[in-house]
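Below: one structure, written as structure tokens.
The analysis underlying the following values was restricted to heavy atoms, covering all of them including side chains, and did not include hydrogens, waters or symmetry mates. Chain naming here is simple, since letters A, B, ... match the order of the sequence lines and numbering starts at 1 in each.
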There are 2 protein chains.
Amino acid sequence: METSKRPGGRSARVRDAVRRATLAELSEHGMRGLTVENVAERSGVHKTTVYRRWGSVEGLIADALEMAQEEPWPIPDTGTIEEDLRGVARLVQSGFDDPELGPVSSAFVAAAMQSPEAARALHDFFEARHEQSAQVVRRAVDRGELPVTVDVREVIRVAVAPIYYRLFVAHEPVTERDADRAADAALAAARAGVL
Amino acid sequence: METSKRPGGRSARVRDAVRRATLAELSEHGMRGLTVENVAERSGVHKTTVYRRWGSVEGLIADALEMAQEEPWPIPDTGTIEEDLRGVARLVQSGFDDPELGPVSSAFVAAAMQSPEAARALHDFFEARHEQSAQVVRRAVDRGELPVTVDVREVIRVAVAPIYYRLFVAHEPVTERDADRAADAALAAARAGVL
DNA sequence: CTCCAATCGCAACTGACGTAGCTTTAGCTT
DNA sequence: AAGCTAAAGCTACGTCAGTTGCGATTGGAG
């Protein structure tokens with residue numbers, strides 16, 4: 001995964017091919033249908049090689065996650081904290097709704113529940129996401145819309161948590177309205193000074 | 001399973017033995033270490049029998065979940081909504097912290113992400129839990145502490161969601177203080193009229 | 001250009017999961 | 001109390017994820 005002694009040429013090609021195949025398989029069949037053999041065949045890389053370098057399905061996912069972490073995401077900046085927070089919540093909701101990204105993201109969450117390796121990777125991923133998203137809260141504090149004592153990351157957590165809760169724990173459908181409501185709730189709590 | 005044509009005697013014994021073994025295995029090795037063969041051996045029931053009646057690991061878990069649903073849980077009734085809501089949140093947090101129940105509960109959540117069968121079972125489980133927990137909110141409404149327009153179940157969701165989010169999505173540790181804060185946030189939102 | 005070590009490909013193997021066909025046990029009926 | 005039949009036990013087998021050992025490539029250092 002990280003800096004090997006031989007970063008160029010074939011190894012790099014193999015790595016890219018496998019990563020690409022992993023994402024493709026993930027988006028087509030989700031976590032359940034993801035197998036090392038399928039990824040190997042699709043990528044044209046031999047099964048043994050995948051096992052050696054990634055170890056297992058979890059390893060493949062952890063690697064894909066680190067890749068995903070690089071990509072920044074379009075944090076809204078509408079000028080008001082109401083709309084910004086709602087925007088963040090909707091971004092999460094629509095992401096899982098998307099037929100392309102949804103299965104991949106879900107697979108990440110599912111994998112992290114089974115493998116400590118993927119769990120760490122997902123933790124880091126959310127660490128980064130929270131940091132980016134918290135920006136909208138910081139701006140609100142700067143504008144005087146929220147008290148300076150507010151825990152900016154916690155506001156984000158509370159704003160998105162109900163969406164994930166519905167999706168992955170209670171297994172209830174999530175609408176755009178649900179996302180808005182979660183954002184509004186977090187904002188109300190922040191204004192009340194409990195976050 | 002449902003009412004078979006032969007509910008008494010051996011069948012019932014087998015069922016209980018398997019259920020017991022499932023829970024034991026689950027609490028020892030979690031979802032990852034749960035296999036039909038281990039459950040079969042531990043319960044003293046033959047492997048093929050387990051396959052016939054439960055079909056797979058997911059079936060075992062779905063069955064165990066339906067059992068767990070029966071057990072009521074000690075909803076607090078302190079007289080104030082602040083303490084009651086915190087009590088519910090703490091119940092969730094401490095449940096996962098418990099070395100006995102924690103792995104089992106986690107396994108349920110993990111299993112539901114992989115099997116539609118377990119997902120449905122978990123959905124029903126939370127449906128019931130929400131219904132029970134919402135009682136504390138209803139009492140608060142009756143006492144006039146919250147507006148009558150409040151969505152009692154949503155208050156519960158928002159109160160517990162951050163705990164699950166930390167545990168299963170962001171993979172961050174959860175303290176009692178985190179639970180309290182989540183409950184407080186939900187209450188603030190409810191009072192502000194956004195729930 | 002040459003060599004050497006890292007990496008990959010290959011094929012055979014291991015073991016666990018799950019299935020199929022049949023026999024045996026035990027609950028229920030009369 | 002005897003027989004009928006659902007349900008459990010048992011053996012053997014097929015399949016497939018994952019491993020191992022070895023030979024073939026390939027990239028980079030000198």
Side-chain angles (χ1 to χ4, degrees), chain A residues 1-22 24-26 28-64 107 110-111 114-118, chain B residues 1-22 24-26 28-64 107 110-111 114-118:
Chain A
M1 275 13 93
E2 15 75 78
T3 9
S4 66
K5 291 182 179 177
R6 216 173 221 186
R10 183 158 74 162
S11 292
R13 275 199 308 278
V14 164
R15 190 171 38 105
D16 290 351
V18 169
R19 283 180 168 176
R20 220 187 311 280
T22 301
E25 283 290 317
L26 226 42
E28 279 180 25
H29 314 297
M31 169 74 189
R32 277 189 73 71
L34 187 74
T35 126
V36 174
E37 300 219 349
N38 287 349
V39 170
E41 187 171 1
R42 180 169 209 146
S43 64
V45 172
H46 200 88
K47 177 173 89 156
T48 320
T49 300
V50 180
Y51 274 114
R52 268 196 287 254
R53 287 188 55 177
W54 284 271
S56 69
V57 186
E58 282 81 21
L60 286 170
I61 292 185
D63 185 34
Q114 296 187 345
S115 119
E117 191 184 354
Chain B
M1 315 278 117
E2 15 72 82
T3 7
S4 67
K5 291 181 179 178
R6 218 173 220 184
R10 184 157 73 159
S11 292
R13 275 201 305 279
V14 164
R15 190 169 39 102
D16 290 351
V18 169
R19 283 180 167 177
R20 219 187 312 279
T22 301
E25 284 290 315
L26 228 41
E28 279 181 25
H29 313 297
M31 169 74 189
R32 279 190 71 71
L34 187 73
T35 115
V36 174
E37 300 218 348
N38 288 348
V39 170
E41 186 172 1
R42 180 170 208 144
S43 64
V45 172
H46 200 89
K47 178 173 86 155
T48 42
T49 299
V50 180
Y51 275 113
R52 265 194 293 255
R53 288 188 55 177
W54 284 270
S56 68
V57 187
E58 281 81 23
L60 286 171
I61 292 185
D63 185 36
Q114 296 187 345
S115 123
E117 192 183 354

The side chain of [X] is closest to which nucleotide in this list: [options]?
{"X": "A:Arg52", "options": "C:dG9, C:dT7, D:dT11", "result": "C:dG9"}
{"X": "B:Tyr51", "options": "D:dG9, C:dG9, C:dT19", "result": "C:dT19"}
{"X": "A:Lys47", "options": "D:dG27, D:dG18, C:dG18", "result": "D:dG18"}
{"X": "B:Val36", "options": "C:dC8, D:dG9, C:dG18", "result": "C:dG18"}
{"X": "A:Arg13", "options": "C:dC8, D:dT11, D:dG27", "result": "D:dG27"}
{"X": "B:Glu37", "options": "C:dC17, C:dC8, D:dG18", "result": "C:dC17"}

Quiz item: side-chain hydrogen bond (donor to acceptor under 3.5 Å, both in side chains) with B:Trp54: which of B:Asp63, B:Thr49, B:Thr22?
Solution: B:Asp63

Presence of [X] side-chain N/O under 4.0 Å of [N] phosphate oxygens OP1/OP2:
{"X": "B:Ser11", "N": "D:dA8", "result": "yes"}
{"X": "B:Thr35", "N": "C:dC17", "result": "yes"}
{"X": "A:Arg53", "N": "C:dA6", "result": "no"}
{"X": "A:Thr49", "N": "C:dG9", "result": "yes"}

Euclidean distance, atom [atom1] of residue [X] to atom [atom2] of [N] [Å, nearest integer]:
{"X": "B:Asn38", "N": "C:dG15", "atom1": "CG", "atom2": "P", "answer": "17 Å"}
{"X": "B:Leu60", "N": "C:dC17", "atom1": "CG", "atom2": "C1'", "answer": "14 Å"}
{"X": "B:Arg15", "N": "D:dA8", "atom1": "CZ", "atom2": "P", "answer": "11 Å"}
{"X": "B:Trp54", "N": "D:dA7", "atom1": "CH2", "atom2": "P", "answer": "12 Å"}
{"X": "A:His46", "N": "C:dG9", "atom1": "NE2", "atom2": "C1'", "answer": "6 Å"}
{"X": "B:Glu41", "N": "D:dC10", "atom1": "CD", "atom2": "C1'", "answer": "15 Å"}

Between [atom1] on residue [X] and [atom2] on residue [Y], distance to nearest 0.5 Å:
{"X": "B:Leu34", "Y": "B:Glu28", "atom1": "CG", "atom2": "CD", "result": "11.0 Å"}
{"X": "A:Leu60", "Y": "A:Leu26", "atom1": "CG", "atom2": "CG", "result": "9.0 Å"}
{"X": "A:Arg52", "Y": "A:Lys47", "atom1": "CZ", "atom2": "NZ", "result": "11.5 Å"}

Exercise. Evaluate the side-chain hydrogen bond (donor to acceptor under 3.5 Å, both in side chains) criterion for residues A:Ser56 and A:Glu58: first the C-alpha distance (whole Å), next the side-chain angles of each, then the deciding distance (0.1 Å), finally the verdict.
Key: CA-CA 5 Å; A:Ser56 69; A:Glu58 282 81 21; 3.1 Å; yes

Practice problem: Please state whether the base of D:dC10 and the side chain of B:Thr48 form at least one donor-acceptor pair under 3.5 Å? | Solution: yes

